[in-house]
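Side chains included, hydrogens not; waters and symmetry mates left out as well; all remaining heavy atoms used. Each chain gets a letter, A, B and so on, in the order its sequence line appears, and its residues count up from 1.
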Number of protein chains: 2
Amino acid sequence: MRITIQDVAREAGVSVATVDRVLNRRPGVRPATVQRVEAAADKLAYQPDRLAARLARARDYRFCFILPKGTNTFMQNLQAEVEAAAQRLSVERVRISVHQVDVFDAQALADELESLGDSYDGVAVVALDHPLVREALNGLVEAGVKVVTLVSDAPGSKRAHYVGIDNTAAGRTAAMLLGRFVGPRSPEKGPGKVGLIAGSLALRDHVERQFGFEQIMAREFPHLEVLPVREGRDDYEKVEAVTRALLAETPDMVGIYNVGAGNRGIVRALEAAGRQRDIVFIAHDLTPFTRKQLVRGTIDAVINQDPGHEARSAARVLLSACEGFDFVADQERIRIDVFLRDNIP
Amino acid sequence: MRITIQDVAREAGVSVATVDRVLNRRPGVRPATVQRVEAAADKLAYQPDRLAARLARARDYRFCFILPKGTNTFMQNLQAEVEAAAQRLSVERVRISVHQVDVFDAQALADELESLGDSYDGVAVVALDHPLVREALNGLVEAGVKVVTLVSDAPGSKRAHYVGIDNTAAGRTAAMLLGRFVGPRSPEKGPGKVGLIAGSLALRDHVERQFGFEQIMAREFPHLEVLPVREGRDDYEKVEAVTRALLAETPDMVGIYNVGAGNRGIVRALEAAGRQRDIVFIAHDLTPFTRKQLVRGTIDAVINQDPGHEARSAARVLLSACEGFDFVADQERIRIDVFLRDNIP
DNA sequence: CTGAAAGCGCTTACAG
DNA sequence: CTGAAAGCGCTTACAG
């Protein structure tokens with residue numbers, strides 16, 4: 001019933017060791033033998049048993065997760081989820097270690113990546129879209145290390161896979177929600193103003209969200225005017241200052257979209273101005289804080305990416321790459337979650 | 001480094017066979033021995049290796065999925081996803097078969113469940129909330145079969161787990177979207193009317209969605225009036241007739257929520273009346289059809305549950321139950337997806 | 001009630 | 001370049 005490596009060996013007239021060599025592309029087999037084994041495997045429709053393979057391996061798989069250090073709640077959650085996955089996989093022959101680097105420092109990230117050499121079978125990294133980083137990633141890939149980017153991609157690089165959401169689409173979704181929640185506006189009032197706050201315009205995901213947002217606002221909601229983006233550095237005190245200024249300057253503000261972190265600052269500024277009810281506020285990332293404000297009604301919708309899903313997905317994708325299996329594309333697609341008050345998990 | 005059953009055996013002064021018996025609660029071990037083995041396992045913080053266990057088992061795990069027969073696109077997708085999961089798991093010592101029964105016939109479903117006896121280790125079933133079904137489910141559970149309900153729950157029963165969304169919360173979410181998308185209404189116009197269509201009020205999920213929807217509409221959007229629910233039997237021709245009637249009777253209709261299937265009928269009726277632009281339409285379940293209407297703008301939002309996730313989750317939960325492991329709660333939580341035009345996968 | 005031994009389907013040195 | 005044998009951490013008859 002089950003076709004094993006034994007059956008293939010018999011069919012090909014070789015030993016199981018040779019079949020193993022061929023199937024796992026290990027060197028030192030005569031081309032003619034490779035042919036015969038491959039033909040036999042094809043003929044029998046052999047499917048390797050990855051459980052048995054993992055069990056038999058002498059070495060564990062070693063993965064490294066490189067995450068930005070000391071930052072916002074989302075990244076802390078992500079790290080916690082990576083550690084939880086590490087804990088679970090430790091019984092399944094996968095060892096995961098977590099390294100931390102400064103997010104904004106491309107050089108430091110590149111150095112860290114290069115220092116890894118080939119001491120890991122797989123690396124998952126919250127990347128930066130920067131030539132130095134791309135180079136470092138490509139270096140790892142060429143050294144035979146499996147590489148995935150996590151949450152933030154480095155598009156030009158040779159990484160095998162990006163585990164994260166489409167941030168442009170996330171920005172478009174935010175715009176759609178904001179525009180529709182604000183609703184139509186009687187023409188005599190003139191265009192309503194919409195505030196846009198980002199952490200840093202050096203972060204690719206922030207820029208992409210902004211781009212998607214402005215695209216849809218312009219196309220679908222011409223009666224709303226998006227104000228020039230302000231940077232809040234993902235720091236809530238800075239974000240609060242920026243928002244206070246925005247509110248003071250803009251009596252006819254009808255909506256705010258915060259592309260990055262620091263939502264606490266916006267809530268404070270809105271409450272100080274007593275405008276938390278009449279301004280539509282779209283934020284990113286479900287945290288205890290945003291959840292609470294969603295329930296209270298100050299935040300109207302949260303766009304989310306599930307850090308638990310991302311952590312598990314990165315590990316699964318790396319494992320599949322190491323074992324030479326395809327991953328289940330559907331299962332590894334990270335959703336752009338939309339949370340309103342009633343569908344938060 | 002890795003603690004194995006060997007280590008536990010040595011520590012307890014017994015053989016590995018005895019450790020296996022104790023750890024897997026197999027009968028025929030003296031209580032005193034059980035104590036000793038358990039103490040040893042605790043002391044060493046032994047964690048069994050589920051890969052090795054699966055490999056060593058003589059028998060495969062046998063799971064049965066019971067799905068409603070010949071119904072809507074969602075159920076067809078669900079079946080396809082179950083089959084895809086079955087295909088993948090077949091290499092991992094899990095055999096999944098799919099049975100089909102008539103959804104609306106509690107007796108038939110109960111009979112089917114009872115006929116299963118103990119020929120399966122696990123059963124996943126799209127349930128009906130009916131005493132006969134509950135009894136049959138409890139019978140299976142008592143016979144030692146692991147049981148999960150899928151998509152539609154049977155709350156009073158002893159099933160181990162429900163794989164699906166909270167339908168009341170889904171209805172509340174639909175209401176929130178509809179109410180906010182419609183927006184405020186000048187008082188002189190009087191309350192706007194909202195049409196509510198369900199497949200059948202005998203289906204628990206439909207009733208729950210309706211309940212959640214009406215709850216939020218009443219509480220949050222008093223300027224909107226929800227019309228009495230109409231049944232469309234999840235059949236698009238019937239749904240079209242119902243919608244046409246609704247539209248004819250209700251010139252001031254501002255929104256429609258379809259709790260069940262048959263969205264095609266609503267789109268046709270809206271287009272026939274030329275009102276697809278000014279009526280907010282919230283539907284369930286992403287299909288090629290709803291996706292297209294979302295892009296065209298006739299459907300304003302789709303509330304979704306991911307059939308791929310549900311199929312895989314049911315299989316994983318059953319497998320964990322059979323192997324005596326906890327599942328990862330977070331991973332098995334089925335999301336209430338909200339899809340707008342820009343975040344569809 | 002308990003244990004010794006074989007075996008699940010692979011991978012890994014070690015020989016040749 | 002290829003094969004025989006041991007071993008991964010369990011479970012399973014079979015003996016006793």
| message | Between P on dG9(D) and CG on L23(B), what's the gap in Å once rounded to a whole number? | response | 15 Å

| note | Rounded to whole Å, the CZ-P distance (R59(A) to dT12(C)) equals 9 Å

| said: Closest-nucleotide mapping onto DNA chain D: is P31(A) or I3(B) further toward the 5' terminus? I mean the 5' end. | reply: P31(A)

| query | Nearest to the side chain of R57(B) - dC1(C), dT12(C), dT12(D)? | reply | dT12(D)

| Quick one: are H130(B) and V133(B) in side-chain contact, heavy atoms under 4.5 Å? | yes

| remark: Ranking dC10(D), dG3(C), dG9(C) by distance to the side chain of T4(B), first place goes to dC10(D)

| field | D326(B) with R88(A): basic N within carboxylate O range, under 4.0 Å | value | no

| query | Is any side-chain N or O of S15(B) closer than 4.0 Å to OP1 or OP2 of dG3(C)? | reply | yes

| What does dA4(C) pair with, Watson-Crick or G-U, if both distances are under 3.5 Å? | none

| request: Whole angstrom is fine here: how far is it from CD in E323(A) over to P in dC8(D)? | output: 19 Å

| message | Quick test of your reading of the model: are R62(A) and D121(A) salt-bridged, counting only N-O distances below 4.0 Å? | response | no

| task | Check the distance between dC1(C)'s P and R36(B)'s CZ and give it to me in whole angstrom. | result | 14 Å

| field | Value in whole Å for how far the C1' atom of dC10(D) lies from CZ of R93(A) | value | 10 Å

| field | Closest-nucleotide 5' rank along DNA chain C - winner of G28(B) and N24(A) | value | G28(B)

| query | Expressed in angstrom and rounded to an integer, what is the separation of R30(A) atom CZ from dT2(D) atom C1'? | reply | 9 Å

| Between T33(B) and dT2(C), is there a side-chain N or O to OP1/OP2 distance below 4.0 Å? | yes

| said: Between T18(A) and dG3(D), is there a contact of a side-chain N or O with OP1 or OP2 at under 4.0 Å? | reply: yes

| Choosing from dC10(C), dA4(C), dC10(D), which nucleotide comes nearest the side chain of A17(B)? | dA4(C)

| Looking only at side-chain N and O atoms, does R2(A) come under 4.0 Å of OP1 or OP2 in dC8(C)? | no

| Base paired to dA13(D) (Watson-Crick or G-U; both N/O distances under 3.5 angstrom) | none

| message | With a 4.0 Å limit, can you tell me whether R26(A) has a side-chain N or O closer than that to the phosphate oxygens OP1/OP2 of dT12(C)? | response | yes

| To the nearest Å, how far apart are I5(A) CD1 and dT12(C) P? | 11 Å

| remark: R10(B) CZ to dG9(D) P, in whole Å, measures 12 Å

| remark: Contacts of D49(A) and R21(A) projected onto DNA chain C by closest heavy atom; the upstream (5') one is D49(A)

| Non-hydrogen side-chain atoms of T149(A) and V163(A) separated by less than 4.5 Å | no

| task | Validate the cation-pi geometry between R95(B) and F63(B): distance from NZ or CZ to the six-membered ring centre under 6.0 Å, angle to the ring axis within 45°. | result | no

| Phosphate OP1/OP2 of dC10(C) contacted by R54(A) side-chain N/O (<4.0 Å) | no

| So does E11(A) pair up with R36(A), basic N to acidic O under 4.0 Å? | no

